[in-house]
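Keep in mind that the numbers below use all heavy atoms, side chains included, and drop hydrogens, waters and symmetry copies. Proteins get letters first, then strands, A, B, ... in listed order; numbering begins at 1 in each.
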Amino acid sequence: MQDNGLVGFFEQFLTKTSVFTNKAALQAQYAPGVIQHRDTQITQVANVLAPCLKNERPSNLFIYGKTGTGKTLVTRYTTDQIKNVAEQRQLPVKIVYINCKLKKVADTEYRLMAQLAKEFGKEVPPTGLPTDEVYRIFFSALDKHKQTVVLILDEIDQLVGKAGDELLYNLTRINSELQQAQISIVGISNDLAFTDALDPRVKSSLSEEELVFAPYDALQLQDILRDRASIAFRPNAVEAGVIEKCAARAASDNGDARRALELLRVAGELAERQNMDRIALAHLDIAEETLEKNRVLEFVRIQPKQHQATLYSILNVCAQKSGVFTGEIYDAYQKVCAQTKLRPLTQRRVSDIIAEFDMNGLISAKVISKGRYGRTREIRLAVPPQNCAQMLQLLQEGLALA
DNA sequence: AGGTATTCACATGAAACTATTCTCTGAGTTAGG
DNA sequence: TAACTCAGAGAATAGTTTCATGTGAATACCTGT
């Protein structure tokens, strides 16, 4: 393209009216001024946590709900209000929010403790110290002042999955050892069956209070979307029916508000890129496809080499026939390794990698018994064929295959 | 025919190992007084 | 003698390997009719 052509493009880009006025309102981190359809939950959380303002220890609280049902939003909103009141009146209340899913932050016992210590002003090295030591540092920092601490552990199931429930046991018991401070725990999980696997002692003390967030229904999602859309888009930028359709999609998909907002945002971006001044229904369809495709491709792209090699083998073998077994994949995988000078992993490990892909929904791998001919996984692809070609290409580049 | 014992090809679990990153500690070294 | 350097011991963690045990049903093998 010629320079002046490009300049023209940019100038046009700047002057043209965008469908967006504030795109941030559709992003996940955005905190809306008003939270729709969660009044009862807000009240309940507030009721449970309010005692901390009177310097009493609030009950531990456990919040369940599927993704995108507003658990985090409600909790953060409520605790922010508490924080405000506490600040105004100079009350010794501290709210600590930790997302246990964040890699390298709080996904193990050590890291959680280190993160907590950091919240109380004690930097802890990322490794090198015994865990007890970090625990001790946190403990002494916590107990230094008379204060009430509300510790919010988001995605707590992830933490327990990796670090075990002993950690939670210690945390719930910590109050009996504290002299000055007191602590209560708010656990947030989107795995409803999570507590079943928990040690009964931990379970009972952690869920002194319980709260379940039901998924939004289509009408509620509509309200939410309309509210956000009115902030995010120029007036009249959304065609009639778009919001309704978007809400309906998300409602049938577990009532995930986050997905719905993302869908709307991508649809908006599409409309903008096409120089349209309104978002049409057609944009939604395309948005849904691109969203899914990008999700898959991005996932594939960031996989480690060994995983990529395994996936490459799966794609190749599955392209020839459907219903493939672990052994065949492993044979193909070994060949791929030979070609790429990759050190082949054991079948044990590859088996686990296949299971991981199954978890991530890239393939479906069902354990079946073939009777006399053994027991294995029956593997088939779970991505649409038109995406496979792109995945293959991506993998070939990633693995530097001819 | 009907019943039960085998057998396959992995699945699944647990423990141990490897490599990397990082701290802490104490011995040895150096430089200044 | 104080400050500095540096190697070695220990930790945490991710990713594997090694070893051991489990498993569901198609087949092989009996048994009695």
Side-chain angles (χ1 to χ4, degrees), chain A residues 98-119 121-141 155 157-168 170-171 193 196-197 199 299-314 317-318 321-338 340-360 362-380 398-399:
Chain A
I98 289 182
N99 188 330
C100 305
K101 199 170 98 182
L102 293 179
K103 294 251 185 256
K104 311 280 178 187
V105 176
D107 57 343
T108 66
E109 180 174 12
Y110 182 93
R111 294 213 260 251
L112 175 67
M113 283 304 165
Q115 187 63 27
L116 284 172
K118 193 176 160 193
E119 293 285 343
K122 300 273 181 189
E123 282 289 340
V124 175
T127 170
L129 294 186
T131 307
D132 321 0
E133 182 69 12
V134 183
Y135 189 82
R136 212 183 45 71
I137 293 173
F138 160 63
F139 189 90
S140 62
E155 316 236 15
D157 41 332
Q158 302 281 328
L159 177 65
V160 174
K162 278 188 75 175
D165 51 10
E166 207 169 315
L167 154 72
L168 286 185
N170 289 337
L171 270 179
D196 296 348
D199 185 319
F299 175 80
V300 171
R301 204 179 55 75
I302 59 171
Q303 290 299 306
K305 280 268 184 303
Q306 295 286 4
H307 292 235
Q308 289 191 347
T310 311
L311 186 58
Y312 183 76
S313 318
I314 295 174
V317 180
C318 283
K321 55 178 183 157
S322 73
V324 185
F325 307 119
T326 306
E328 299 170 76
I329 300 292
Y330 189 66
D331 289 344
Y333 161 80
Q334 282 183 313
K335 283 188 196 129
V336 172
C337 284
T340 56
K341 305 254 166 35
L342 208 60
R343 192 177 55 84
L345 300 176
T346 49
Q347 180 162 311
R348 175 74 186 80
R349 179 63 187 134
V350 173
S351 172
D352 276 350
I353 293 176
I354 292 174
E356 280 174 45
F357 284 141
D358 179 41
M359 287 254 298
N360 288 307
L362 230 52
I363 60 175
S364 89
K366 217 169 81 192
V367 177
I368 56 160
S369 174
K370 292 188 291 167
R372 186 65 215 274
Y373 305 105
R375 216 165 113 84
T376 180
R377 282 198 176 90
E378 191 182 56
I379 298 158
R380 24 186 110 247
L399 295 166

Any side-chain donor paired with an acceptor under 3.5 Å for T376(A) and T326(A)? yes
Do the non-hydrogen side-chain atoms of Q306(A) and Y333(A) ever get within less than 4.5 Å of each other? yes
Main-chain N/O of C100(A) paired with E155(A) side-chain donor or acceptor, under 3.5 Å: no
Taking only nitrogen or oxygen atoms into account, show me every contact under 3.5 Å that the protein makes with nucleotides 20-22 of chain C, one pair per line with its distance.
none

For E133(A), answer base if it contacts any base atom (sugar-phosphate contacts may also be present), sugar-phosphate if it contacts only those atoms, and nothing otherwise; contact means non-hydrogen atoms under 4.0 Å. nothing
Quick one, K366(A) with R377(A), criterion side-chain contact (heavy atoms from CB on, under 4.5 Å). Give me CA distance, side-chain angles, the key distance, then yes/no. CA-CA 5 Å; K366(A) 217 169 81 192; R377(A) 282 198 176 90; over 6 Å; no
As a check of understanding: the bend across the helix from dA1(B)-dT31(C) to dA31(B)-dT1(C), end axes from five pairs, rounded to 10 degrees, works out to 30°
Answer yes or no: does a side-chain N or O of R349(A) lie under 4.0 Å from OP1 or OP2 of dA14(C)? no
Separation of atom CG in L342(A) from atom P in dG15(C), rounded to whole Å: 15 Å
Can you tell me the distance, in whole Å, between the CG atom of D352(A) and the P atom of dT17(C)? 11 Å
Take K101(A) and D107(A) through the test side-chain contact (heavy atoms from CB on, under 4.5 Å) and record every step on the way to the result. CA-CA 6 Å; K101(A) 199 170 98 182; D107(A) 57 343; over 6 Å; no
To the nearest Å, how far apart are L345(A) CG and dT16(C) C1'? 7 Å
Just wondering, more than 12 heavy atoms not from E133(A) lying within 6.0 Å of its CD? yes
Atom-to-atom span, CD of Q347(A) to P of dC19(C) - whole angstrom: 16 Å
So, with a heavy-atom separation below 4.0 Å from DNA chain C, the residues of residues 327-335 of chain A are none
Span of DNA chain B engaged by chain A, first through last nucleotide within the 4.0 Å heavy-atom cut-off, is dT7(B) to dC24(B)
Shortest non-hydrogen contact from K122(A) to A141(A)? CG-CB, 3.8 Å
Under 3.5 Å, which protein N or O atoms sit close to an N or O of nucleotides 26-28 of chain C? Give each pair with its distance.
unit_1	atom_1	unit_2	atom_2	d
dA26(C)	O4'	R372(A)	N	3.1
dA26(C)	N3	R372(A)	N	3.4

Is the phosphate of dA12(C), meaning OP1 or OP2, less than 4.0 Å from a side-chain N or O of T131(A)? yes
Quick one, which residues of residues 99-113 of chain A touch DNA chain B with a heavy atom under 4.0 Å? none
For the residue pair I329(A) and S313(A), what are the closest heavy atoms and their distance? O-CB, 4.0 Å
